[in-house]
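Written out below as structure tokens is the structure these notes cover.
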Amino acid sequence: MTTSPQSPLTVLVIGTGGREHALARALAHDPTVAAVHAAPGNPGMAEVAELHDVDALSGEAVADLAVELGADLVVVGPEGPLVAGVADAVTARGIACFGPSGAAARLEGSKAFAKEVMEAAGVPTATAYACTTPEQVAAALDEFGPPYVVKDDGLAAGKGVVVTEDRQEAVDHAAGCERVVIEEYLDGPEVSLFAITDGRTVYPLQPAQDFKRISDGDQGPNTGGMGAYTPLPWAPEGLVQEVLDTVLQPTVDEMAARGTPFAGLLYAGLALTSRGTRVVEFNARFGDPETQPLMALLDSPLAPLLLGAATGTLADVPPPSWKPGAAVAVVLASKGYPASATSGAVIDGIDRAEQLDGVHVIQAGTARSGDDLVTAGGRVLAVIGTGPDVAAAREAAYAGVGTVEFEGVQHRTDIAAGI
Ligand code: AMP
Ligand code: GLY
């Protein structure tokens, strides 16, 4: 790579969601960054980056745009482009790209592959069977008993998983998948622990927690995530080191040994069960919405970490440091989400929210319609509150939520409650 870390960087962020807005905002505040571009982006990102059109699933299109912009670093946000090999196409042009190769992104792209890697690396996870016939499904369901955990083997944006006491619902979900993973139920609280890695050196971020179900009290169907907070004051001491030693480093080492090194963001979704820490899932990219509160508290400049990961030089970059205090993100979703999503509702009050102390708004499913900002997707935006502790950050976030309006808005009222 020809980039000199001393010269201010031109960075291109690929994606349209809240995660990408949070990353672009952090990059825009980074003194080592000269210019932030985003494609396709969203109206919130337009405030911190110059937007461009691109087919994010086309490696050649993304690489062409990166060349045209003179980008020193491309940051690929979502899993779709990563699994499609966009990072491979960008690096093939000699441009540093944060995000794993298509081969390494299979850690997220195939749950069966992730299980195989975990087994080879000795990483603790739920026992699971990959099934392709109704007979295999029935046998696996009977072996584990309820609650049943049935996962579509392919990419499903966090919505391909059904956890249910109802055997028929489990059978029906399995029948709708080409290949399905059925696994042991994991009890205990969930933790999202992310690590930035160049395929060798692994820097964990602060643990966060995500709220995946649509309704208060963790009721209703799974979503992409309805809220998140960081840090976790209740997390056992030594959790990050334990996960680094037993999950993150062994997985990164196993991927390197296979000749498909994983460089980028390794997302470990963990369950702290009564029998110990277990991996629920791996993702190959920053989590959404966990990235929103994490970026609010990141103290180190983001670009050197991402560039170090992209160029195999992460060990030369200091590990990430964090601002004191806490951050809470509350997602506002449109009517019908997660089953469907309405669009075109006028969004009002983001400016009022951002006038509040310690509050900012990260956009996702939004669009411009004339002078209006309107909804354009399931998860519309997230209100982020920061404060000296989780309770204060939560109060700030919900004060902001109270000022934002659009028709049919849904949000949870219990994000980070009682922490
Ligand atoms: P995944 O896409 O694998 O992360 O699954 C989405 C969500 O389903 C997880 O965040 C959990 O809330 C739940 N889930 C997945 N696997 C299990 C499991 N083995 N036991 C209990 N809950 C699970
Ligand atoms: N917040 C869950 C995810 O990003 O997959």
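In each ligand, atom 1 is the first atom listed, and ligand 1 is the first ligand listed.
Close contacts between ligand 2 and Asp210 involve ligand atoms 1 (N), 2 (C) [criterion: under 4.0 Å to a heavy atom]. Per-residue contacts place Tyr185 under 4.0 angstrom from the following atoms of ligand 1 (heavy atoms of the residue considered): 20 (N), 21 (C). Against a heavy-atom cut-off of under 4.0 Å, Gly224 is close to the following atoms of ligand 2: 1 (N), 2 (C). Each of the following atoms of ligand 2 lies closer than 4.0 Å to a heavy atom of Asn283: 5 (O). Atoms of ligand 1 found under 4.0 Å from any heavy atom of Glu190, numbered from 1 in the order shown, are 9 (C), 10 (O), 11 (C), 12 (O). If you number the atoms of ligand 1 from 1 as listed, the ones under 4.0 Å from a heavy atom of Val149 come out as 16 (N), 17 (C), 18 (C), 19 (N), 20 (N). Taking every heavy atom of Tyr267 and a limit of under 4.0 angstrom, the matching atoms of ligand 2 come to 1 (N), 2 (C), 3 (C), 4 (O), 5 (O).
Of all the heavy atoms in Met226 and His411, the pair that sits closest is CE-CA, 4.3 Å.
Defined by atom type and a distance below 3.5 Å, a donor-acceptor pair is missing between the side-chain atoms of Asn42 and Thr366. A donor-acceptor contact under 3.5 angstrom links the side chains of Asp172 and Gln168, judged on distance only. No hydrogens or angles considered: nothing links the side chains of Asp166 and Thr164 as a donor-acceptor pair under 3.5 Å.
Using a 4.0 angstrom heavy-atom cutoff, Lys111 counts as in contact with ligand 1. Residue contacts with ligand 2 do not include Phe286, since none of its heavy atoms lies under 4.0 Å from the ligand. Not a single heavy atom of Gly225 sits under 4.0 Å from any atom of ligand 2.
Counting only distance, with no hydrogens or angles, the side chain of Asp288 and the backbone of Arg19 share a donor-acceptor pair below 3.5 Å. Side-chain atoms of Thr375 come within 3.5 Å of backbone atoms of Ala345 as a donor-acceptor pair (strictly under, hydrogens ignored).
Residues Glu119 and Lys115 are not paired through a salt bridge, judged by the lack of any N-O separation under 4.0 Å between the basic side chain and the carboxylate. Under the 4.0 Å criterion applied to side-chain N and carboxylate O atoms, Glu183 and Arg278 are not assigned as salt-bridge partners.
Considering backbone and side-chain atoms alike, Leu186 places an N or O below 3.5 Å from some N or O of ligand 1. For ligand 2, the polar-atom distance check against Arg19 finds no nitrogen or oxygen pair separated by under 3.5 Å. Residue-to-ligand polar distances keep Gly287 apart from ligand 2: every N/O pair is separated by 3.5 Å or more.
Taking the centre and axis of the six-membered ring of Phe113, the NZ or CZ atom of Arg106 falls inside the cone set by 45° and 6.0 Å.
Of the inter-residue distances, the one linking Leu265 atom CG with Thr197 atom OG1 reads 10.0 Å to the nearest 0.5 angstrom.
The heavy atom nearest to atom 5 (O) of ligand 1, out of those in Val161, Val279, Asp152, Val150, is found in Val161. Counting heavy atoms only, Asn222 comes closest to atom 7 (C) of ligand 1 of the residues Asn283, Val162, Asp218, Asn222. The heavy atom nearest to atom 3 (O) of ligand 1, considering only Glu183, Lys151, Glu108, is found in Lys151. Compare Glu281, Glu290, Arg285 by their heavy atoms: the one nearest to atom 4 (O) of ligand 2 is in Arg285.
Taking the six-membered ring where tryptophan is involved, the planes of Phe211 and Tyr229 are tilted, since the angle between them lies from 30° to 60°.
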